[in-house]
Amino acid sequence: MKVLLNGEPFATDAKNLDELCARLGFAEAKIATAVNGSFVAAASRETTPLTDADEIEIVAPRQGG
Amino acid sequence: MLTLYGAQLTSRLLLGTAHYSSPECLRLAVEASGAEIVTVSLRRESARARTGQGFWGLIEELGCRVLPNTAGCRTAKEAIATAKMARELFGTTWIKLEVIANDDTLQPDLFGLVEAATVLTEEGFEVLPYTTEDLSAAERLVAAGCAVLMPWAAPIGSARGLINKTALKTLRAYFPDIPLIIDAGIGTPSHAAEAMEMGYDAVLLNTAVAKAGDPVKMAEAFAKAVAAGRLAFEAGLIEPRDMASPSTPVAGTPFFKIDHAS
C-alpha cells in the first residue's frame, strides 16, 4: 500500500502504525504520531491499522520560539 | 515570585530555543538568561537524520521546564492534534497555543485560538495562548479556561517592541490577577524592561537573543533588563508631567531675592 508519510509518498506493508514506526527504527525513539490529522497515542499505535492513502505524521522534539 | 499554573518561578524571562548557531551556544545562552522555562516545538522526524533525538538530549541537559508550542498550525484542528502530540512527547500538560492567521504577520487567528483553547482546556491542558492585545479575545480566552495570557508586543521576529502600548496597558489593568506574558516582537532589553515596568508578569523572547552578535551576552542583558523592569514596577514609577519640577530644593537658593519693587 502507499501512504503519505510526513508529507511524502511511502510504500509499506506494515499492518499497523506501531509496526511502521518499528521498521523506521523508531521503536525506542522520542516520537509522537498522528494519522489523518488526529493524534494517535503511543499505546494505541498497535491497534491502529494502516490503509492505503493514510496520511501519517511522525514528529520529534525540535527547537521552537 | 511568578506563579504559572501552580508552578512557582524566580525568573520572569522565558527563552525560545530556535535560531542558535550551535547547541553549545543555546546551552550557554539559556544559562546566562537564568530562564527556568524554555519553549520547544515538534517537527517531522526523518528516519535517517533523526534530528529530534539529539535535540531532546540537549533539552534534558538544560534542566528547564519545557513549554511546547503549536507553531505553524493554521487551524484549531491542527493545533489540537499538535498539542496532543506535544503532551505525549514532552510529558507536560502545558501548551503554548499558536493558531496562525497570516504568513506575513504571523498574527494569531483569534477565532481558531479560542476554539482550540476551549477544547484543550476541557481535555486537561494548561493553555498559554499566544494572542494579540485585543481585550475581547482575552476575555474569551479567560472564559475558555486560560489562566495565563501571552499577548504579542509586535509580530514574531520583528524586533519592533511594544507597538500598541495603550491597548497593552488596558489589558494589564483589566486583568490584574491573570499572569500576562509579553510574547513575540521584543527586540531590545529596553523593550523588555518597558513591558515589565508596565506591570507585565514576564517576557518570552527568542530571536533577539539567538540572532544577537553575542547571544550569551545578550541573554544576560535581557535577564538584567527584565529584573530591573520588574523591580521598577514594584517600586512604583512616578507619573510623567508636562512642566519642569526642580529636583534641588528651592528654599535657601543663594542670591535669591524677592522682587519687592513690583
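Sequence lines set the chain letters: A, B, ... in the order given, protein chains first and strands last, and positions in each chain run from 1.
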Revision key, fill the gap. Closest heavy-atom pair, A:G37 versus B:K77, reported as atoms and distance to 0.1 Å, is O-NZ, 3.6 Å
Point to revise | Structural part of B:R87 lying under 4.5 Å from a heavy atom of chain A | key: neither
**Study point:** Qualifying residue, where the test is side chain to side chain contact (heavy atoms under 4.5 Å, CB included) with A:R62 and the options are B:T17, B:L42, B:T51
**Key:** B:T51
Practice item. Could you tell me the separation between the CE atom of B:M85 and the OG1 atom of A:T33, rounded to the nearest 0.5 Å? Key: 8.0 Å
Revision key, fill the gap. Scored by heavy-atom pairs under 4.5 Å with chain B, the best of A:A32, A:P61, A:S38 is A:P61
Review point. With only heavy atoms counted, which part of B:E78 is less than 4.5 Å from chain A, the side chain, the backbone, both or neither?
Key: neither
Check your understanding: Hey, are the side chains of A:I31 and B:Q53 touching, using non-hydrogen atoms and a 4.5 Å cut-off?
Key -> yes
Check your understanding: With a cut-off of 6.0 Å (strictly less than), are more than 12 heavy atoms of other residues, nucleotides or ligands near CZ of B:F111?
Key -> no
Review point. For B:E60, does the CD atom sit with more than 12 other heavy atoms under 6.0 Å from it, leaving out its own atoms?
Key: yes
Point to revise | Sidechain-backbone polar pair: B:K96 side chain, A:G65 backbone, donor-acceptor under 3.5 Å | key: yes
Exercise for review: Please check if atom CZ in B:R160 has more than 12 non-hydrogen atoms from other residues, nucleotides or ligands closer than 6.0 Å.
Suggested key: no
Review point. Could you state the interatomic distance from CZ (B:R50) to NZ (A:K30), rounded to the nearest 0.5 Å?
Key: 13.5 Å
Exercise for review: Find the distance between CG (B:N69) and CD (A:Q63) and round it off to the nearest 0.5 Å.
Suggested key: 11.5 Å
**Study point:** Contacting moiety of B:S46, where chain A heavy atoms sit under 4.5 Å
**Key:** backbone
Practice item. Tell me, out of A:L24, A:I58, A:L5, A:V59, who's got the most heavy-atom pairs with chain B below 4.5 Å. Key: A:V59
Practice item. Can you measure from CZ (B:R43) to CD (A:E57) and round to the nearest 0.5 angstrom? Key: 10.5 Å
